[in-house]
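Read the structure below first, then the notes.
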Amino acid sequence: MAKDFSTREENYSKWYNDIVQRAGLAEASAVRGCMVIKPYGYAIWEKMQAALDKMFKDTGHSNAYFPLFIPKSFFSREADHVKGFAKECAVVTHYRLKNDPDGKGIVVDEDAKLEEELVIRPTSETIIWDTYRQWVQSYRDLPILVNQWANVVRWEMRTRMFLRTAEFLWQEGHTAHETKEEAIGETYKILNVYSDFAEKFMAIPVLKGSKSENERFAGAVETLCIEALMQDGKALQAGTSHFLGQNFAKAFDVKFTSREGKLEHVWATSWGVSTRLVGALIMAHSDDHGLVLPPKLAPIQSVIIPIYRNDEQYAIVCQRAKEISDNLEKEGIIVKLDDRDTHKPGWKFNEYEFKGVPVRLAIGPRDVENGTVEVVRRDTLGKEVVSIDNIGNYVTSLLSDIQDNLYKRALSFRESNTFVADTWEEFTSILDDKGGFILAHWDGTAETEQKIKEETKATIRCIPFDDNKEQGRCVYSGKPSERRVVFARAY
RNA sequence: CGGGGUGUAGCGUAGCCCGGUUAGCGCGCCUGCUUUGGGAGCAGGAGGUCGCAAGUUCGAAUCUUGCCACCCCGACCA
């Protein structure tokens with residue numbers, strides 16, 4: 001094996017970038033902080049979209065689309081919301097260009113200044129709630145269960161492929177409800193959709209919980225989240241679901257007449273996951289040979305590579321390979337038969353390994369004669385020669401086995417990297433040693449959380465739902481605490 | 001925006017201190033032959049405004065000044 005890219009041990013972030021590049025997922029663009037998502041990377045996102053979209057529809061939601069531009073004044077309506085996003089907004093101020101009078105290309109036409117500047121959405125609560133005002137008069141108009149697939153822009157200082165870019169793709173759900181209880185129910189319902197998706201499709205176990213005040217979404221009453229652990233011991237927020245209370249309804253004057261004939265403000269939620277999930281997928285499963293994809297999100301689930309010495313063998317082997325390919329497709333497997341004559345088999349083996357294709361079949365003259373095929377699974381790199389009788393069923397169950405194995409592997413990694421800390425010494429030494437999730441007592445104050453963050457870079461990832469009350473003392477301040485929360489350094 | 005660094009072929013780089021042939025090498029690319037069960041070998045070939053601009057000089061990738069871009073570290077974040 002030629003070693004021309006980094007291992008996780010040597011340099012984790014270089015390893016990550018190498019995978020993104022070599023697997024053809026994305027590349028840097030001409031625009032600072034923005035990436036080009038390449039076809040293979042976009043195909044993974046499309047698989048995610050398809051699965052999530054179905055889950056949203058199955059829970060009663062519909063898609064819609066709201067404008068990219070948001071009038072600046074909308075932002076100042078909700079005080080916490082502006083504060084949270086003001087520092088990272090791109091703003092459109094003009095609507096026309098003209099030829100430079102000095103003949104040096106093109107300049108902004110100062111005469112074409114907008115009366116009101118337009119903010120490029122960093123999230124759409126404001127424009128959506130301004131719209132919902134028109135949609136709601138009576139309790140009969142509720143609930144509104146809308147999702148939008150869109151791009152958003154947040155002008156980030158430091159960017160990383162998929163994990164943090166100035167522009168990214170996501171879905172944002174925005175719902176409006178008659179009662180507080182119903183809105184809270186929605187928030188939890190969606191969090192469960194996200195955790196199901198993470199575990200069943202991405203094969204990544206997640207912790208479910210709520211955010212501390214410091215980490216809460218700007219404008220939310222409560223933020224729920226799913227948190228995943230990456231192989232370098234850092235946590236990654238994989239999805240959030242917000243209970244917005246009546247904050248936006250009040251800010252945008254969205255009222256309805258209740259069953260009792262009273263005028264009341266609507267209750268709201270919003271929730272989202274982004275292309276960041278692609279980054280999570282990479283960091284959760286991949287190894288030093290390249291990307292490893294869970295079968296349910298792999299753009300190619302099985303690749304077939306013919307092996308031959310001459311034209312005659314090529315014809316025979318490809319014919320058999322085509323039969324196998326048809327067979328697998330009949331089973332609903334996404335197959336690629338790579339019969340290109342421009343690359344050697346060894347080159348192809350490495351190529352599909354980089355790209356994380358779950359199952360590789362190789363077939364040569366020997367196999368044609370014996371009625372066999374060589375099968376290699378990407379997760380363990382285990383190799384075996386099997387009969388082509390019933391190959392469809394064989395690969396189907398192998399794919400399902402790989403999906404399960406990836407989940408189990410990730411779960412056992414998380415378990416062996418989740419620690420309990422009772423003293424400050426334990427807390428800091430775990431962080432410096434290996435990272436991971438740390439369960440520790442916290443006195444519940446924002447000040448303590450802030451101090452811990454300043455001293456260790458670790459933050460409270462979530463206050464987990466599993467309600468194990470336990471008396472203890474805050475790991476930092478020593479004040480009494482009623483439960484442990486989850487700390488980690490995070491992306 | 002502060003502190004540090006780097007710009008040489010598609011990518012990675014040598015040369016820069018100490019100015020002097022046609023700017024060298026690896027990967028990749030193209031052609032041909034031999035190859036093909038884990039990144040093929042040989043032969044030939046194409047590809048460069050040395051980031052941009054000005055200056056010093058007989059002569060600049062190399063020295064000086066200005067500008068631009070990108071990267072790393074910090075403050076901010078899904």
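Using modelled atom types, one side-chain atom of A/Asn247 and one backbone atom of A/Gly219 make a donor-acceptor pair closer than 3.5 Å. Judged purely by atom type and a 3.5 angstrom limit, A/Arg377 has no side-chain atom pairing as donor or acceptor with the backbone of A/Gly382.
Counting to the nearest Å, the C1' atom of B/C76 and the OH atom of A/Tyr491 are 18 Å from each other. Nucleotide B/A78 holds its C1' atom 6 Å from the CZ atom of A/Arg154, rounded to whole Å. With rounding to whole Å, A/Arg340 atom CZ is found 16 Å from B/A40 atom C1'. Spacing between atom CG of A/Asn350 and atom P of B/G28 amounts to 13 Å, rounded to whole angstrom units. The separation between A/Tyr352 atom OH and B/G39 atom P is 16 Å, rounded to whole Å. If you take CD of A/Glu27 and P of B/C11, they are 11 Å apart, rounded to a whole angstrom. Atom OH of A/Tyr194 is separated from atom C1' of B/A78 by 11 Å (rounded to the nearest Å). Rounded to a whole Å, the CD atom of A/Glu88 is 16 Å from the P atom of B/A75.
Residues passing the side-chain contact (heavy atoms from CB on, under 4.5 Å) test with A/Val31, sequence neighbours excluded: A/Ser29, A/Cys34. With sequence neighbours excluded, no residue forms a side-chain hydrogen bond (donor to acceptor under 3.5 Å, both in side chains) with A/Glu9. In terms of the ring-ring contact (aromatic ring centres under 6.0 Å, His included) criterion, residue partners of A/Trp347 (sequence neighbours excluded) are, by chain and number, A/His343.
In this structure, CG in A/Leu169 is found 5.0 Å from OG1 in A/Thr275, a value given to the nearest 0.5 Å. Taking CD1 of A/Ile144 as the reference point, atom OG1 of A/Thr269 lies at 11.0 Å (rounded to 0.5 Å).
Less than 4.0 Å separates RNA chain B from no heavy atom of any residue of residues 201-225 of chain A. Scanning residues 226-241 of chain A for heavy-atom distances under 4.0 Å to RNA chain B yields A/Gln237.
Residue pairs meeting the ring-ring contact (aromatic ring centres under 6.0 Å, His included) criterion with at least one partner in residues 302-321 of chain A, sequence neighbours excluded, are A/Tyr308-A/Tyr314. Among residues at least two apart or in separate chains, there is no salt bridge (charged side-chain N to carboxylate O under 4.0 Å, His left out) pair with a member in residues 291-316 of chain A. Pairs engaging residues 206-217 of chain A under the salt bridge (charged side-chain N to carboxylate O under 4.0 Å, His left out) rule: A/Lys211-A/Glu227, A/Glu215-A/Arg461 [sequence neighbours left out]. For residues 211-237 of chain A, the set of pairs meeting the ring-ring contact (aromatic ring centres under 6.0 Å, His included) definition, not counting sequence neighbours, comprises A/His81-A/Phe217, A/Phe85-A/Phe217, A/Phe217-A/His242.
A/Ser212 has its side chain within reach of A/Trp442: a pair of non-hydrogen atoms, C-beta onward, lies under 4.5 Å apart.
Helical stems in RNA chain B, defined as runs of 3 or more consecutive Watson-Crick or G-U wobble pairs with donor-acceptor distances under 3.5 Å: B:1-7 with B:68-74, B:10-13 with B:24-27, B:29-34 with B:40-45, B:51-55 with B:63-67.
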For nucleotides 69-73 of chain B, print each protein N/O atom paired with a nucleotide N/O atom at under 3.5 Å, atom names and distance only.
from  : atom 1 : to       : atom 2 : distance (Å)
B/C73 : OP2    : A/Arg158 : NH1    : 2.9
B/C73 : OP2    : A/Arg158 : NH2    : 2.3

Would you tabulate the pairs of protein nitrogen or oxygen atoms and nucleotide nitrogen or oxygen atoms of nucleotides 31-37 of chain B closer than 3.5 angstrom?
from  : atom 1 : to       : atom 2 : distance (Å)
B/U36 : OP1    : A/Arg309 : NH1    : 2.6
B/U36 : OP2    : A/Arg309 : NH1    : 3.3
B/U36 : O2'    : A/Tyr308 : O      : 2.7
B/G37 : O6     : A/Pro365 : N      : 3.4
B/G37 : O6     : A/Arg366 : N      : 2.9
B/G37 : O6     : A/Asp367 : N      : 3.4
B/G37 : N1     : A/Gly364 : N      : 3.4
B/G37 : N1     : A/Asp367 : OD2    : 2.5
B/G37 : N2     : A/Asp367 : OD2    : 3.0

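In this structure, A/Arg414 forms no cation-pi arrangement with A/Phe437, as its terminal cationic atom is not both closer than 6.0 Å to the ring centre and no more than 45° off the ring axis.
Taking the six-membered ring where the residue is Trp, the centroids of A/Tyr476 and A/Phe487 are separated by 6.0 Å or more.
Counted by atom type alone, A/His94 and A/Glu110 present one or more donor-acceptor pairs between their side chains at under 3.5 Å. Between A/Glu222 and A/Thr187, the side chains place no donor N or O within less than 3.5 Å of an acceptor N or O (distance only, hydrogens not considered). Judged by distance alone, the side chains of A/Asp338 and A/Tyr352 do bring a donor and an acceptor atom under 3.5 Å apart.
The C1' atoms of B/A61 and B/U21 are separated by 15 Å, rounded to the nearest whole Å. Nucleotides B/A54 and B/G12, compared at atom P, are 28 Å apart to the nearest Å.
In this structure, A/Arg360 reaches the bases: a heavy-atom distance under 4.0 Å links it to at least one base atom across the strands shown.
Residue A/Phe354 has its side chain nearest to B/G39 when only B/A78, B/G39, B/G38 are considered.
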